[in-house]
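Structure, as structure tokens:
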Protein chains: 2
Amino acid sequence: MWLPIDPRSPKPVYQQVVDAVKEAVAKGMLEPGDRMPAVRELASQLTINHNTVARAYQELERDRVIEVLRGRGTFIATSRPCPDRDARVRAVAARIRELLIEAHHLQMNEEELLELFQVTLREWRQERRQAQA
Amino acid sequence: MWLPIDPRSPKPVYQQVVDAVKEAVAKGMLEPGDRMPAVRELASQLTINHNTVARAYQELERDRVIEVLRGRGTFIATSRPCPDRDARVRAVAARIRELLIEAHHLQMNEEELLELFQVTLREWRQERRQAQA
DNA sequence: CGCGTGTACCGGTACCACTGGTACACATAG
DNA sequence: CTATGTGTACCAGTGGTACCGGTACACGCG
């Protein structure tokens with residue numbers, strides 16, 4: 001398994017692992033039931049510490065992206081609703097609000113932002129198609 | 001001047017100041033030419049350190065939100081393009097991508113996210129109308 | 001039992017945010 | 001000129017977090 005980790009990024013390494021796994025699942029590169037490498041093994045592959053991988057796994061389990069079975073391993077979970085789904089949807093709305101503010105300071109009106117949204121959506125679908133091939 | 005600062009938030013205080021000012025400007029609550037409080041004065045009002053306010057002001061000046069005149073004060077800038085505008089637009093697109101990934105894990109398809117976008121846009125316009133009144 | 005798994009510590013390093021304080025450079029008013 | 005108000009630049013110190021390297025524990029399975 002390979003994940004794009006950049007130790008010089010301002011984003012914490014464990015967060016990079018979390019985001020990369022979420023993206024791989026969203027793209028269909030990782031499917032429910034797939035086995036994740038052991039903490040020490042993935043740490044070795046990414047040349048980072050096992051504790052850092054463990055923290056990423058804990059966050060991914062909290063978000064119901066993976067399932068952890070003590071002594072057996074960790075696996076990609078079958079999609080099911082999160083207990084705090086409503087709160088996370090509201091968090092998404094808050095991030096959209098941030099985009100509206102940012103767009104204003106870039107002298108971009110709401111219609112242009114909406115168009116950027118749709119362009120990005122098309123690119124995302126394209127990426128996902130290629131990833132599954 | 002009042003800004004919603006939460007010292008217990010994981011978001012750095014200086015960043016909260018930056019975001020709050022940007023939001024106030026985007027809403028029209030602060031207009032070009034308006035004077036900002038002095039660093040020590042705003043620090044006193046928010047019960048934070050003047051260095052923290054100074055850092056926020058520097059970031060706001062870098063983003064062309066305010067204009068700083070040594071010895072005179074700081075003022076809301078007239079909107080004008082940023083030198084690194086393209087990079088910031090690309091950053092917005094990257095944040096949209098993150099929303100698409102998050103939406104997938106919330107079992108929300110792209111159409112639902114688009115609808116959430118439009119609903120949030122309507123709410124944003126509503127807020128802005130009230131703020132300007 | 002032995003092995004592989006996730007988990008939980010610990011000590012230590014490094015970086016960053018924030019505070020409190022002081023000092024400096026500049027613009028303006030008296 | 002001085003005095004005042006401004007942004008800016010330091011510094012030392014504190015607290016929190018990310019990360020590392022190491023060790024140890026608890027569980028599932030063969």
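Protein chains get the first letters and strands the later ones, always in sequence-line order, with residue 1 at the start of each.
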Between C1' of C/dG6 and CG of A/L60, the distance in whole Å: 14 Å
Exercise: identify the closest heavy-atom pair between B/R35 and B/G73: NH2-CA, 4.0 Å
Phosphate OP1/OP2 of D/dA18: any A/T52 side-chain N/O under 4.0 Å: no
A/K11 NZ - C/dC15 C1' separation (whole Å): 19 Å
Side-chain donor/acceptor of A/R70 to base of C/dG4, under 3.5 Å: no
Salt-bridge present (A/D6, A/K11; N to O < 4.0 Å): no
Nearest-angstrom distance from the residue atom CZ of A/R35 to C1' of C/dG4: 9 Å
A/E98/A/R95 salt bridge by N-O under 4.0 Å criterion: no
Any side-chain donor near an acceptor of the partner, B/R129 and B/Q126, under 3.5 Å: yes
Toward the 5' end of DNA chain D, by each residue's nearest nucleotide, B/A38 or A/I48: B/A38
Pairing of A/E127 and B/R97 as salt bridge, 4.0 angstrom limit: yes
Side-chain N or O of A/Y14 closer than 4.0 Å to phosphate OP1/OP2 of D/dA18: yes
Atom pair distance, as rounded to whole Å: CD in B/Q58 and C1' in D/dC10: 12 Å
Sugar-phosphate, base or nothing in reach of A/L69, heavy atoms under 4.0 Å: nothing
Sugar-phosphate, base or nothing in reach of A/R55, heavy atoms under 4.0 Å: sugar-phosphate
Length of the line joining A/L46:CG and D/dC19:P, which is rounded to integer Å: 12 Å
base_contact_polar (D/dT8 base, B/R40 side chain, donor-acceptor, <3.5 Å): yes
For atom CD of A/E67 and atom P of C/dT7, their distance in whole Å: 13 Å
Length of the line joining A/N51:CG and C/dC9:C1', which is rounded to integer Å: 9 Å
Separation of D/dA9 P from B/N49 CG (nearest whole Å): 15 Å
Of the listed nucleotides C/dA8, D/dC19, D/dT8, the one nearest the side chain of A/H50: C/dA8
